[in-house]
Amino acid sequence: DTIKVGVVGPFSGSAALQGRNFQAGIEAWFALNGKTVGDHEIEIIYRDLPAADPAQSAALTQELVVGEGVQYLAGYYYTPDAMAAAPILEEANVPMVVFNAATSAIVNASPYVVRTSFTTWQTSTPMAAVARERGINKIITVVSDYGPGTDSETAFIKAFTDQGGEIVQSIRMPMSTTDFSPIMQRIKDSGAEAVFAFLPAGPQTLGFMQSYVENGLKESGVALLAPGDLTQESDLGALGPNAEGMLTTFHYAVSHDSPENKAFVEAATGWLGNANELSFPAVGAFDGMHVIAHMIEATGGEQDAAAAVESVKGLEWVSPRGPVSINPENRHITQNIYLREVAKEGESWINKEIQTFENQGDPGWVAP
Amino acid sequence: MSAAKLEITELTAGYGQTRILEGISLSVPAAGRTAVLGRNGVGKSTLFATIAGQTRRYGGQILMDGQDLTAMDGSARARAGLGFVPQNRAIFKSLTVEENLFAGLKERPRGDIEEAYAMFPRLKERRRNMGGQLSGGEQQMLTTARTILGRPRLLLLDEPLEGLAPVICDELMAAFTELASTGRMTVLLVEQRLKAAFDFADHVVILERGKVVWTGTPGDLQEDPETVNRLLGVGH
Amino acid sequence: MSLFEVRNLSKKFGGLNVTNDVSISLNPGDRIALIGPNGAGKTTFVNLVTGHIRPDAGVVMIAGQDVTRLSPRARVHAGLVRSFQVTRLFPEMSPEEHVAMAILQRMGKVEKAFGDYRSMPEVMAETAEILGILNLTPIARSRVSGIAYGQQRLLEIGLAMALRPKVLLLDEPAAGVPSSDTVLIERALDRLPPDLAVLMIEHDMDFVFRFAQRVVVLAAGTVIFDGTPAQVAADPQVREAYLGSYAE
Amino acid sequence: MSNDAKTMTIWQRGLRSDLIACLLIGLIAVICFYAMPSGLSLLTRIIAIMLLVLSIDLVTGYGGVATLGHAALFGAGAYAAGIAAAKFGITDPLLMLLIGTIAGAIAGFLSSLVILRGHGLSQLVLSIAVIMLAREAANKFSTWTGGSDGLSGIAPSPLLGMWRFDLWGKTSYWLAVILLLVVFLILRQIVRSPFGMLVKAIRQDPIRVSAMGAPVYWTLVKMYVISGAVAGLGGALSAVATKVVGLDALSFELSAEAVVMLVLGGTANLFGAMIGTTVFIWFEHLVSSVNPFHWLTIVGVLLVTVVLFAPRGLTGIADQLRDKFGKGGAK
Amino acid sequence: MQTILSIGADALAYGMVLFVISIGLSVTMGLMKVVNLAHGAFAMIGGYVASYVTQQMGLHFAVGTVAAVLFCVVLAFPMERLLFRRIYGAPELIQVLMTIGITFIIIGIANWLMGPTLKTIALPDSLRGPVDIGFRTIAAHKIFAAAVGGAVALGLWYLIERTSFGIKLRASVDDTAMAGALGIRTKIVYSVSFAIAIGLAALGGVVGAQLLPIEPYYALHYMVTFLVVVSVGGAGSIPGALVACLLLGAVKTTGSYLWPEFGNFFFYLAVIAIVSVFPNGLMGRAK
Ligand SMILES: Nc1ncnc2c1ncn2[C@@H]1O[C@H](COP(=O)(O)OP(=O)(O)OP(=O)(O)O)[C@@H](O)[C@H]1O
Ligand SMILES: Nc1ncnc2c1ncn2[C@@H]1O[C@H](COP(=O)(O)OP(=O)(O)OP(=O)(O)O)[C@@H](O)[C@H]1O
Ligand SMILES: [Mg+2]
Ligand SMILES: [Mg+2]
């Protein structure tokens, strides 16, 4: 029989690239593992949610469950969209596997939420140790003024001050900022030795990196540290030399050196058609499919959300990003976080892994 | 540049689905002075607007010196020598008086707008003002002057005296008569003030419900108070 | 005390003295014409009086009340109503709706959010009467955008009538109306309450002389003459500045 | 008097046609209920947005106020209802709707004070500024609003203690349908009333209206308050039905999209707002489920086509047909 | 002091870039009375063309810029003929509907042809480095953008206010039928003006690409910004648009230096304040 999986993501709109990466991850998983689990065939039903729009997310999710009869829900790029869908899960008896949305609290919204991506806390925290190891004492934080930005700021400040560092200033800049020169001026004036920055992956990062260089910060040795959203592989081509040498911490780099990743990248770029478009949401989707397949197997194709979620608690496997497991307590993925450096390899720019923080949980999670 | 002959045959026209003109035929010789009269809403303005190419034409022909105007748009007709002073004045509100006049110059040099100032000294005083700020009568002067600057061979005047002080009316009608009688323009005039119209015209056409119902000379008409009363409704 | 009084009204546009120390007063029942060359400042005078433009100096009084600082709307409530030189109507509405709305406004019911004017017999009756006087009944329910200009001018008068003002200012009510229909306007004006004061701007001298008991002549912003029609017609200065051949 | 009898029938005829329209809408609602039991959530959402679009019709279609910031009123209703439920434990759905309506009306009042200061283009820009400031504020006060993560934890109690807001969304759907009918009937009354006529007149020539002695500014403010109440109700309905409120409820995008729906349907007759919303969202949904990757292009083609072939909106097509077949008459 | 000067320089540069990108819109919106929400889409097309020419074909920036402007101008004629001509004089909301539709279509096509990723335009070395302006350094491309802005402002002002083409354009917009009746070729005047506006959009897209990077949603992302600066300046007024851009640029730059956490608060407050005081924009054309 056929088991339907409803995937909600941004397949159009300004985050369409990330939606495509969801799809690439799913297709890569099919390419490597086939479309069947036992004698159950998996059918994916896509629903487009171009921007954070919880009302629409609830409507689409409900329609997937009631109308299409999906047994699994997956995807969800933005936090509010996942939050809006979560209240439906118990009544619908459907588990939800979050491919991306990165706020710690999502897993608390329903016991049927499992997450295979990362949280902003998880990727931001290790950067504090990196900075301390490099002898940096004074840091200024600069983040986009929205949920993930403030999460990232809080996570970093906590870790950095715990390790004895000093935060000289914290700047939150509006999402719509296009001219970063005044911000760079602030950074200069603050006397910090380094900047910790968080910006969502996308067009803004280009202007930010460029301003950083043009305002002479790079030249004067003020290091730029950030979670990997700022240097996602699909933007690196444009960021180019401006980003060279920049340090980021993240759960996945396309350049990760492992047989699992080679196979994954090959399958995913094969589907995408353009190697430059591959980015981190694909691996969240790929591993999400792994989790869903495991659930299908464990429940024998029956619709039993409780049993399905129970079956993956503590599940361990080797993902393209490295060894991972599902934390039984909060159903969030435990994984390595890598320190990477932007470098040129041949003709293209990559995030080169130079250090590993193993088995990182979500430091931002608080038990409800 | 000399006056043009106008010939209209079986013209029907209107706005959208509504027909207003129901088959109008008339001809005006070069340098003729024709007054088009009729009660409110009979289609006088519509006739002029149709000649100028601004309404929807359903059928019929308009020839100016033998040249068929119907195939041309409004702008081409103007360049062929047609001048139209509409009833609503159509001042360019956001242009200054001077710029309004420039817009009417066609290809003539800018210095020639002095002609207009000579005709209406009042406009020269107000030349830096926006068209929209002018008084009603000043706007009327401006629209007439603007069209005359383009040296049309055939001039359509739709109630050019509306809102003008009596003393200016006299001067203006004298100027129109001069333009026609020296053979420079053929003039068609719609005017509510019958006296002015009769003094000016050598020929009168009366419309009713989109049709020509009477033609003749002003003299004929003045001798026929019954017709005047019936068709123009004067003197109840 | 006069019903309506303007004292020392002045206004400049840039360097131009459009209204220059003008004083005029009207008593109940007055029928006054304001004439003068184009650009003399007649329309501006009306705009100043109705509050559409702020004067530089001067006072406007209605029935003893100083309205100089009031909004145009408040002046209407004080009894001062005007018509416009270029018709200003609501193109998508019918003559009936126009008049009904003015009546409702006068009755203070125009802001009622429930009900329909067509179910108010007193409004309907008065509307029908006014439209009847102006010969507009046949087109009472057509859109104003499609009716002839002359009829629009008549409707302007109808609106003013519906408001039952104490003082009525008419800016060229007959412009664009053929001589045949000026009769309708005159008829409408005749039907106005006798204690109403009317000030009319008009270039049609036949009409002016039939209508006015008194004529005020404005030139370059200044009142140059104030007298009976016969006196005006005889005044050489007015003849030269304004009347031209008409006086003959 | 015979006149009396005649005018009574005019009034009755108006009411009767409204009731027939209501019956028709109700009938369509029943058909939709059985035809797409799985799409109730979507239908509820359509109705919530419809309320927003109706409310824009009041100020834009009737009053001629140019606005691209109307979602501020919708968002005010949504957040007020959501905050009442999530932070103050007011979970009775009807109470939440009431709170949303009041908040919308207040927001309408406040934003009208800003927006009515301009005309045309500058008005448009003021309205954009309003929505941007509202969004900025909601983002800033994230302890109350949840910021960009959205306000969750809204759990409305059963309607009248009897009907739960369940997975299938039946309760929300019928609640939405009833609200829509009530709002529709009230608005029909308002737009036909002298007040409605005055608002239409203001759109055509505000100076003339003030020369008649009728208030312009305060009339529009009043209309804005009514409009705000309707939009706020829509927002609150959305909060009750989806149990989450996001910043998108306060976005320029939502405002602009709602205006597009209105123009698509046709302005100033209420039906246009309803038809436009339904067609736009339904079309968007249809195209995006058939091809989630290129639907934007197709929606663009729809909009351009409508302007080229039905410039008065979809309800304008009906008028055009009526004109063509000569049943013209009054109006 | 140092800081103030520095902020001033940033504000000036930012304001001028805004000006270059949005001035074309001031022409369509203020002079041609078309609320062209697709303005950004044309800027984006310009950006894509320049990116393609400089990156894929490896040609010089100047070639890329010229190619971008030409491409858009050539594109403008058929688009004006087939689409925009239908909405001249239509109610604003209809124009909004049509131009948003066009924007959607262009976005869809851009996404399909160029892919969803960011595109950059290769700058020549002369525009790449920082330039020392005494008290600080500033990116050369910003100075370039400011210079282009100044040149465009002057040229356009002259064209509109002083030439007979400008008078014809303004007359045509004011009353198309009457302009035609005076012998003005209104259709040609409209097409040419539209093409100029679109050419300016393309130029702005290219010159401003360092600040507003080229990607498929460019047109939607910056739509509001363009609308706001044009209206605050007074649509159709070149000096007005310039002043508005500089003023709003200064507000935004200062705001994001001093109180970045308040985001766009000050920007939009300033907009409200200015528009409330000048309802036709800073130097709006009298109605
Ligand atoms: N733009 C228009 N759309 C529809 N109908 C119109 C339009 N303009 C005029 N009409 C109608 O056409 C008819 C003729 O109008 P027209 O203006 O030609 O009359 P006219 O003889 O010039 O009258 P007047 O003496 O009032 O100027 C009138 O019934 C009028 O209602
Ligand atoms: N807003 C303004 N700015 C500058 N000048 C103005 C303004 N409004 C009117 N004027 C000028 O003031 C003068 C008086 O105008 P007004 O409209 O009062 O004249 P009028 O007496 O009504 O003339 P008409 O009989 O021609 O209607 C005119 O010369 C006009 O150009
Ligand atoms: Mg006429
Ligand atoms: Mg006047």
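Per chain, numbering begins at 1; letters A, B, ... match sequence-line order.
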Problem set entry | Over all atoms of both residues, closest heavy-atom pair of E:Leu82 and D:Leu308 | O-CD2, 4.3 Å
Problem set entry | chain E contact via D:Val114 - side chain, backbone, both or neither, heavy atoms under 4.5 Å | side chain
Problem set entry | Nearest non-hydrogen partners of E:Leu83 and D:Val304, listed with the distance | CD2-CG1, 3.8 Å
Seminar exercise, completed: For E:Ile94 and D:Pro311 the tightest heavy-atom approach is CD1-O, 2.8 Å
Exercise. If you count heavy-atom pairs under 4.5 Å between each of E:Val271, E:Val35, E:Val224, E:Leu227 and chain D, which one has the most?
Worked result: E:Val224
For this session: State, yes or no, whether a side-chain contact exists between D:Val263 and E:Val96 at a heavy-atom distance under 4.5 Å.
Result: no
Exercise. Where on D:Thr305 is there a heavy atom nearer than 4.5 Å to chain E: the side chain, the backbone, both, or neither?
Worked result: neither
Exercise. Atom CD1 of E:Ile100 and atom CD of D:Glu257: how far apart are they, to the nearest 0.5 Å?
Worked result: 8.5 Å
Exercise. When rounded to the nearest 0.5 angstrom, what is the spacing between CG in E:Asn264 and CG in D:Asn139?
Worked result: 10.5 Å
For this session: Measure the spacing between OH of E:Tyr268 and CG of D:Leu126 and express it to the nearest 0.5 Å.
Result: 12.0 Å
Exercise. Is the count of non-hydrogen atoms from other residues, nucleotides or ligands lying under 6.0 Å from E:Arg81 atom CZ greater than 12?
Worked result: no
For this session: Begin with the C-alpha distance, continue with both residues' side-chain angles, and end with the deciding distance and a verdict on side-chain contact (heavy atoms from CB on, under 4.5 Å) for E:Phe104 and D:Leu303.
Result: CA-CA 9 Å; E:Phe104 283 177; D:Leu303 299 183; 4.2 Å; yes
Exercise. Do other residues, nucleotides or ligands put more than 12 heavy atoms under 6.0 Å from the CZ atom of E:Phe77?
Worked result: yes
Seminar exercise, completed: Taking every heavy atom of D:Leu296 against every heavy atom of E:Tyr217, the minimum-distance pair comes out as CD2-OH, 3.5 Å
Seminar exercise, completed: The interface call for E:Ile87 against chain D, heavy-atom contacts under 4.5 Å, is side chain
Problem set entry | Neighbour count >12 (heavy atoms, 6.0 Å) for atom CZ, E:Phe71 | no
For this session: Under 4.5 Å heavy-atom distance to chain D, tell me which part of E:Ile272 shows up: side chain, backbone, both or neither.
Result: both
For this session: Count the heavy atoms belonging to other residues, nucleotides or ligands that lie under 6.0 Å from OH of E:Tyr52, then report whether that count exceeds 12.
Result: no
Exercise. What do you reckon, is NZ of E:Lys187 surrounded by more than 12 foreign heavy atoms closer than 6.0 Å?
Worked result: no
Seminar exercise, completed: For E:Ser231 and D:Leu121, the nearest pair of non-hydrogen atoms, with its separation, is OG-CG, 3.6 Å
Problem set entry | E:Val228 portion near chain D, given a 4.5 angstrom heavy-atom threshold | both
Seminar exercise, completed: Most heavy-atom pairs under 4.5 Å with chain E, out of D:Met132, D:Gln123, D:Arg117, belong to D:Met132
Problem set entry | CD1 (D:Ile207) with more than 12 external heavy atoms under 6.0 Å | no
Problem set entry | For E:Leu97, the option from D:Val307, D:Val259, D:Leu262 that meets side chain to side chain contact (heavy atoms under 4.5 Å, CB included) | D:Val307
